[in-house]
Protein chains: 2
Amino acid sequence: MAARAGGQGGKQPTINDVAALAGVSKKTVSRVINRSEFISEKTRKSVQQAIDTLGFVPNPQARALAFRRNFLIALLHDNPNAQTVLNFQQGVLDAIKDSDLALLVRPVDRGSDKLLDDVRLFLEKQRPIGAMLLPPISENDDLAKLCGDLGVRYVRVGSAPLDDARHCVSSNDREVVAEAVGKLIALGHRRIGFVRGPAGFRSAAEREEGFRAALAAAGLSLPDELYAPGNYRYTAGVEAGEAMLSLKEPPTAVFVSNDEMAAGVMSVAHGKGLSVPADLSIIGFDDSPTATHIWPALSTVRWPIREMGSRAARTLVADFLGSSAKAADDENPVMPSTFIERQSVAPPRG
Amino acid sequence: MAARAGGQGGKQPTINDVAALAGVSKKTVSRVINRSEFISEKTRKSVQQAIDTLGFVPNPQARALAFRRNFLIALLHDNPNAQTVLNFQQGVLDAIKDSDLALLVRPVDRGSDKLLDDVRLFLEKQRPIGAMLLPPISENDDLAKLCGDLGVRYVRVGSAPLDDARHCVSSNDREVVAEAVGKLIALGHRRIGFVRGPAGFRSAAEREEGFRAALAAAGLSLPDELYAPGNYRYTAGVEAGEAMLSLKEPPTAVFVSNDEMAAGVMSVAHGKGLSVPADLSIIGFDDSPTATHIWPALSTVRWPIREMGSRAARTLVADFLGSSAKAADDENPVMPSTFIERQSVAPPRG
DNA sequence: GTTCTAAAAGACACCGGTGTCAAAAGCAAG
DNA sequence: CTTGCTTTTGACACCGGTGTCTTTTAGAAC
């Protein structure tokens, strides 16, 4: 409650004020702030009391200058999907809420040939203690190397491990997709279509591999006409739907690599008078809000993005704090995705 | 291209290096950096050349300390909606891309009784040059006053003007809602339902006023059973839909205060076997991705959130730069929303 | 009570800029 | 060539912390 006790001058108290009040040197106060070990318990108590009395908060700008590090965590992303970015942000904030850190958000342009220069400049200027790279830019090895070279801790977020554990937070998409598709097969589906994510995205490749693994396990094949390219956009789903549902022998089920495209496929099905799930089962990926906003609600794979955000932030913080880093190192950097069954899946007709 | 010319020592050049190379004092270099007017053209040129040669970039932490201001813009929000926040961010970044500013994102908890203390602490620590308040927290006058008291420029974003022009960016939701509802009436609808946003939200009130204005203009009334409360969530839309579509005399059209709830209403309609738009016309608000991901695509009101983000950032920057502030002052702080017609509206049956 | 050593505290420079005010330079008038 | 201004430039303190090295203090051993 005493957010600003001792604010007599209207100015914020500085380390000098604290030092004067406690009757010690500013360096000693600095030691208390930074939890130095070479300080007697008695002194620590009296300094702490002075800090509390004055409501002293160390000036982050001054610390940043002296430390040559800003107490910030940077989030670099290429806006793959608003919901993803924001959920991730939320997770990061869950983790840093009680620390002194703040979150700096930096969208970048994956396609720009100045990408590396941009990021370098940004990191050199802001000097965050760490950076988090969201897919798809997390897949850029040059970017990760750049962070390392600049002495910025980094964490790469992905659908599968992209780096060694201390630089990586990922999910197990491949397995979960295989599990979901396995359920379609168990229900009796034999003609199952696949709509892929964009070329060059690791996430797209993981999902495809999971899909193919499930088919292979059941001895099924994937005919060309049931394989559609895509780009994670709604319109790609519409195109894929148009193509597959116009076939003489259309699929009885489709796995679509994200919810947005799945919504596109579903709207084509509706347009053709097909019933979902009776005539066509659909599974998406992301568990985006769209999944529950469409009708029928979409069975999908939930990607634990918020948890990954927390985990990524904790990794950076632990790494920054050094010795106590073990806490985070013990955690498994693979966070499980989960298959969520809703109303868009049923056994095939007949 | 010469992102780091002269990086011989591996270290970044400082103002002292520039001063030495140019043969002037560091203060003179500082004057060049800050575009001071009391400097001869000759000196400026030679200093600028030294800056370019060394690839000097002023250290933001040092400047922040000396200026008592961080070159950051803070975005305070209460995560009303991921898409909104991220689009706004995008707009902000469009505006500050080429400046020295960075974006600091700070989610806050509207309900917390420590809200003001939290924000105060945040602003005192980070000392951004300005803050942007997204709805619904932009409606909190105490928060705005706090910014003012702390010497932080601020802009409040809303559905209608919340403050004087220099502190405000808004849209004209009321008018556009009235226009949209007017079109329903023009098509022949007479029983038109309304699903409201949460109590206490200015945006919800604006939309309701626009709705009622349109009815009034046509001499129509709004019976109690066609008025549903809501909270901008999908489930509220479902509840409102259940209620209205179970009436003996259901509405032939509904205006729903956001897209997410509109999706809820639509799914109830589908569940009851009603055809949209033949049996029920629906209009939403936001033009969120959901609007085009549901079937049929939702007619809705596009809220120019990205443009508002740009505008808000430009206002802060112009204000910060002082004299050149006129550029932004000339702009109208009201950005137009627009009604977007898709497939969810048709004349009533019969 | 000394002496020795490790722990604790302090002095002072430094991080990399800006503010203030005095000094130097430039130029017109006398 | 001075004098009297105004315009430019520089010296130096300062923003609020931390790093380094030195001095002081405290406790153990003699």
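Within every chain, numbering begins at 1; the chains are lettered A, B, ... in the order of the sequence lines, protein sequences first and strands thereafter.
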Please tabulate, for side-chain N and O atoms in residues 86-94 of chain A, each donor-acceptor pair with protein atoms closer than 3.5 Å (sequence neighbours left out).
| from | atom 1 | to | atom 2 | distance (Å) |
| --- | --- | --- | --- | --- |
| D94(A) | OD1 | R306(A) | NH2 | 3.2 |
| D94(A) | OD2 | R306(A) | NE | 2.9 |
| D94(A) | OD2 | R306(A) | NH2 | 3.1 |

Quiz item: Going 5' to 3' along nucleotides 4-16 of chain D, which nucleotides have protein heavy atoms under 4.0 Å from the base (write B), which only from the sugar-phosphate (write S), and which from neither (write -)?
Solution: ----SBBB---BB

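- One can place CZ of F67(A) at 12 Å from P of dT20(D), the figure rounded to the nearest angstrom.
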Let me check something: any side-chain donor-acceptor pairs from residues 99-109 of chain A under 3.5 Å, sequence neighbours excluded? List them with distances.
| from | atom 1 | to | atom 2 | distance (Å) |
| --- | --- | --- | --- | --- |
| S99(A) | OG | I96(A) | O | 2.9 |
| S99(A) | OG | L101(A) | N | 3.1 |
| D100(A) | OD1 | K125(B) | NZ | 3.3 |
| D109(A) | OD1 | G111(A) | N | 3.0 |

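- If you measure from atom CZ of R35(A) to atom P of dT18(D), you get 12 Å, rounded to the nearest angstrom.
- Evaluation of the side-chain hydrogen bond (donor to acceptor under 3.5 Å, both in side chains) rule for R68(B) yields no partner, not counting sequence neighbours.
- Every residue two or more places apart in sequence or in another chain was checked for a ring-ring contact (aromatic ring centres under 6.0 Å, His included) with F122(B), and none qualifies.
- In terms of the side-chain hydrogen bond (donor to acceptor under 3.5 Å, both in side chains) criterion, residue partners of S25(B) (sequence neighbours excluded) are, by chain and number, T28(B).
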